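What you are looking at is a predicted structure, and each value in this text was computed from that prediction instead of being measured. Just follow the structure's listing: the first ligand is 1, and inside any ligand the first atom is 1.
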Amino acid sequence: MSNAANVVYLNGQYLPVEEATVSVMDRGFLFGDGVYEVVPVFGNKLLRLEEHLTRLQNSLNRISLPNPYSHDEWLGIFSNLLEKNTGEDRAIYLQISRGVYAKRDLSIKAGYPPTVFAMVLQVEPPDLEVVSAGISVITVDDFRWGACDIKSTSLVANVMLRQQATEANVDDAILVKNGMLSEGTASNVFLVKNNVLITPPTGHKLLPGITRDLVIEIAKNNAILVEEREIREAELFSADEIWMTSSTREIAPVISLNDEIVATGVAGEMWKRVMGLYQQYK
Ligand SMILES: Cc1ncc(COP(=O)(O)O)c(C=O)c1O
C-alpha cells in the first residue's frame, strides 16, 4: 500500500501532509499512547464503517480516552478527506493519541485535548491472480501483551514479529501463544479442515478483525460451517487451507508454512468460494 495522501486532517485542520506536524511531547510519540483504525473505501463506500467506529470506541474505552468526535463528525472528516484525495480503492487511516502534556509522565491527566490525525491511503486493487498465488509464512512465538484486542499504536512488538518473517524471507508470520494460534502480525488467521472454517475466538489475545467478522458472516450466510475455537499449532500442519484476513489484504491464502507446502500448495476451493463471495459483498 502506498501513501499518496496529499491532504491530511490534523486537529481540526486540513493540511498538505508535509505541513502536518505534532509536538515531540505528544504522548503518541513518547509512549505510543493512542489508538488507530483503518477503514477500507471502495469507490466512495466505507466498508463496514459502523463496525470500525464501534471498534474504535472499544479501543478508546479500554485506554480511558474519550472519543473526541461524534459519529457524524467522524463521517464529515472522512467525506472531506475522500473528496480531497481522490482515487478508487482507498482506506481511511485515523489515529488518536492522548495529546501533549508539559512533562513526560505516565499518569493520565484530565483537561488535555487529544491529537487527532487522519489521512487517506491509496490501496492497490487486489489482482486476483496474484492474490491466488498465495503467501508464505512462518510460525513465531507471540510474545505480545495481554491486551491485543486494543487497536493500539504501540506496535513495536508487531514490528519485531514482522521482522522475523522478513529475515526468514517470507511474507508474514502466524503468531503462536502457549501452543495456540492467535493471529498474524497485522491480520487474523483462519484454517479450513474438512470443509469447516475455523478461527480463534476473540478475547484479549487478538484484534477482533472487521474482515474476520465479515468472513464469518459471509460463510454462515452461505451454509459454510464455522467454528470459533482455540486452535493448536499442530492443527496448522494438517489443515486443508490456511488464510490470513485484514481490511487491506482481504483474504490471503497461505501456500507455504515454515518452508513446507500447505496441502496441495495452491489456493483451495473454499478460499475461491469465500473470496468470490467477499468480492461480491464489496
Ligand atoms: C494485529 C491485527 N490483527 C488483525 C487485523 C485485521 O483487522 P481488520 O480485518 O479489521 O483489518 C489487523 C489489521 O490491521 C491487525 O493489525
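Stacking of K151 on the aromatic ring of Y93 is not recorded, the 6.0 Å distance cut-off and the 45° axial limit not both being met. Annotation: cation-pi pair K84/Y14 present, NZ/CZ under 6.0 Å from the ring centroid and within 45° of its normal.
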Please give the N or O to N or O pairs under 3.5 Å between ligand 1 and the protein, distances rounded to 0.1 Å.
from: ligand 1; atom 1: 3 (N); to: E183; atom 2: OE1; distance (Å): 2.6
from: ligand 1; atom 1: 9 (O); to: I210; atom 2: N; distance (Å): 3.3
from: ligand 1; atom 1: 9 (O); to: T211; atom 2: N; distance (Å): 2.9
from: ligand 1; atom 1: 9 (O); to: T211; atom 2: OG1; distance (Å): 2.6
from: ligand 1; atom 1: 10 (O); to: R55; atom 2: NH1; distance (Å): 2.8
from: ligand 1; atom 1: 10 (O); to: R55; atom 2: NH2; distance (Å): 3.0
from: ligand 1; atom 1: 10 (O); to: I210; atom 2: N; distance (Å): 2.8
from: ligand 1; atom 1: 11 (O); to: S247; atom 2: N; distance (Å): 2.8
from: ligand 1; atom 1: 11 (O); to: S247; atom 2: OG; distance (Å): 2.9
from: ligand 1; atom 1: 14 (O); to: K151; atom 2: NZ; distance (Å): 3.1

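For the atom pair CZ (R90) and CZ (F42), the distance works out to 11.0 Å, reported to the nearest 0.5 Å.
Applying the side-chain contact (heavy atoms from CB on, under 4.5 Å) test to V170 and every residue at least two apart in sequence or in another chain returns S136, I138, A165, A168.
Between E250 and K282, at least one side-chain nitrogen of the basic residue sits less than 4.0 Å from a carboxylate oxygen of the acidic one, meeting the salt-bridge criterion.
N158 contributes a side-chain N or O that, together with a main-chain N or O of T185, makes up a donor-acceptor pair within less than 3.5 Å.
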